[in-house]
Amino acid sequence: MCGIVGYLGKRDAYPVLIKGLKRLEYRGYDSAGVALITDQKELRVYKTKGKVSDLEAYAQDKDTSGCAGIAHTRWATHGEPNSTNAHPHISASGNLAIIHNGIIENYAVLKEGLQRNGVTFQSSTDTEVLVQLIDYIQQKRNVDLLTAVRMALRQVIGAYAIAILDKNDPNKIIAARKSSPLVVGVGEDEFFIGSDASPLIEYTDKVVYLDDNDIAIIHRGEPEAEFVNFNNEKIDHEIQTVDLNLGQIEKGGYPHFMLKEIFEQPDCLQDCMRGRINVDANNVVLSAVIDYRKELINARRIIIVACGTSWHASLIGKQLLENICQIPVEVEYASEFRYSNPVIDSSDVVIAISQSGETADTLAAIELAKQRGAFIFGICNAIGSSIPRATHTGCYIHVGPEIGVASTKAFTGQVTVLTMLALALGKARGTIKNDDYVALVKELNDIPEKMKKVLEQNDRVRDISRVFTYAHNFLYLGRGYNYPVALEGALKLKEISYIHAEGYPAAEMKHGPIALIDEEMPVVIVATQNPLYDKLMSNIQEIKARKGRVIAIVSEGDEKVKALADEYVELPHTIECLEPLLSTIPLQLLAYHIAVCKGKDVDQPRNLAKSVTVE
Ligand code: F6R
């Protein structure tokens, strides 16, 4: 939610900032802006409604010189997306410029106080309140910028990652974080700031991930950044080397990140399993399960907390863990869990699943579960993000940066880690037969090759999508392990094509949704040859009897369903609990192609942002 980027060094800041914003645009894209300071202490701010390309067009004929600057791409929380509310915001004195990701929850009280003291505001954002407060303190108390920032942040309730420029000191940027991600990149005689490492990896692989309540002070000419807490006590941060390359964050010849990420899935799953699955030894090794064997195998119950697509993966995880490990599992929306009064204690394990590792609701759910003594296991993608740091242990999914706003490869990565976790725990608890274990390990290892076969049907899915772009509603059905896949397919379609879609367990259709079916209604049904196959066949008959249009996801060579359905996509045979890793792919492709046919902005759908760092 909002991307922030900063530069201080020897280059022209503007091109670095614009490139950085483009890499962070997945975090929000309703307005963008940049502030630059020249060595002559001139502060220039350009901002506009729309995307980073709109900002570029706007600034085309303007003076963009200066080797220090900050820039922002916004996902609006307070105040509509227009150029006034766009960041950077400038203080009343005209000295300070700020960019901010997060929410200042007590902004109204702070604003009232400042207004009573004569401060006037230009925008309706919470962010402007913060820069005015810092400016006010600086003027009133005659203190330096760092002191003013520390004093202001002590009064702030909420979440923030901020960066501040001071017109009177073009050689310094101050940045701070609380509950919103912030990275400082350390180059040779230059520094970078980013919401994640993607804006800076082109220039340096040396980074420092800030912790909550850290303030970073970067000085031009200094070899290192300085870090302090709100009490001005020095903090030692280790410089880490970031393992990310440009190819991972560029489209690589695909028209959209989403399509690239769908096609990357076989490789991603191989990366996810590398070093963890040893087929020769018929073994799954997860270091977290070795290190925390006692806590995990003795779990009385597992509660999985997540949001959105990660929540759908959790529903598959529940079935895997219950079937393989015989542990009762509950799946909760993190946003509901955090405000519930859950009965949990130290005998419970809470698994938090998140692609970004920054989702505010999931982080809050973790904090609540920790307070109640539960052991917390994280399953995340973004390395060094907040959730892995808040959990006791966990596993990264290692699928590489996911940039398309609609999650695809993270979902299959999460399901793969959940499968490996269930196998490792099931073996440790003695709840899985050795033959089943060996067969599953082997089959999981073969899934990437089978995924490639599904991806070969991309043209078929594209042709199907052309038939159905007329539809205003879609129904997605599945059972067992494929029920969460139906939910995920419906979510993908809603997100990027803005077509209303609902996912249902197929047997529930007759309890209501069947009333919707007529000749206009496409129904996507995952009807593979699993134990509920006959029941799914009956569901298809029921849809056809009401003239519904059936798009069936079927097992390879299943002529029976192929003959019944209007359209079909075939999946290679696999073990039932691994089917979601294959069946989800045609649904991702279907959503993608329908959105493209409808001319929608696939990678940056309206109103959405990739990481939801606000409530
Ligand atoms: C859907 C999507 C969202 C996220 C949700 C949780 O395509 O991307 O529903 O899954 O916002 O995000 P993470 O996994 O980052 O916690």
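Whatever order the structure lists ligands and atoms in, that order sets their numbers, starting from 1. For this chain, numbers begin at 1 and follow the sequence in order. If you're wondering where the values come from, they're calculated on a predicted model, not measured in any experiment. FYI, side chains are in, hydrogens and waters are out, and symmetry mates aren't considered; it's all heavy atoms of this structure.
Side-chain contact annotation: His593 with Ser465, donor-acceptor N/O pair under 3.5 Å absent. Between the side chains of Thr309 and Glu488, at least one donor-acceptor pair of N or O atoms lies under 3.5 Å. Judged by distance alone, the side chains of Arg177 and Ser386 do bring a donor and an acceptor atom under 3.5 Å apart. Under the 3.5 Å distance criterion, with hydrogens and angles disregarded, a donor-acceptor pair is assigned to the side chains of Ser583 and Asn482. Defined by atom type and a distance below 3.5 Å, a donor-acceptor pair is present between the side-chain atoms of Gln265 and Thr412.
The closest approach between any non-hydrogen atom of Thr408 and ligand 1 is not below 4.0 Å. For Lys492, the closest heavy-atom approach to ligand 1 falls below 4.0 Å.
Some N or O of Ser407 is nearer than 3.5 Å to an N or O of ligand 1, by distance alone. For ligand 1, the polar-atom distance check finds no N/O of Thr362 at less than 3.5 Å from any of the ligand's N/O atoms.
For atom 12 (O) of ligand 1, the nearest protein heavy atom (residue, atom name, distance) is Thr359 OG1, 3.5 Å. The protein heavy atom nearest to atom 1 (C) of ligand 1 is Glu495 OE2, 2.9 Å. For atom 3 (C) of ligand 1, the nearest non-hydrogen atom of the protein is Thr309 N, 4.1 Å. The shortest contact between atom 5 (C) of ligand 1 and any protein heavy atom is with Cys307 O, 3.7 Å. Remark: minimum distance from atom 11 (O) of ligand 1 to any protein heavy atom is reached at Val612 CG2, 3.9 Å.
Within ligand 1, counting atoms from 1 as listed, the ones closer than 4.0 Å to a heavy atom of Ala406 are 7 (O). When each atom of ligand 1 is checked for a heavy atom of Ser310 under 4.0 Å away, the hits are 10 (O), 13 (P), 14 (O). With ligand atoms numbered from 1 in the order given, ligand 1 contributes 13 (P), 14 (O), 15 (O), 16 (O) to contacts under 4.0 Å with heavy atoms of Ser354.
Atom CG of Asp243 has 12 or fewer neighbouring heavy atoms from other residues, nucleotides or ligands inside a 6.0 Å radius.
Without hydrogens or angle criteria, Lys600 side chain to Glu495 main chain gives no donor-acceptor distance under 3.5 Å.
For His256 and Tyr592, the distance between ring centers is under 6.0 angstrom.
For atom 9 (O) of ligand 1, the nearest non-hydrogen atom from the set Gly357, Gly308, Gly404 belongs to Gly308.
Atoms CG and CG, on Asp126 and Asn85 in that order, are 10.0 Å from each other to the nearest 0.5 Å.
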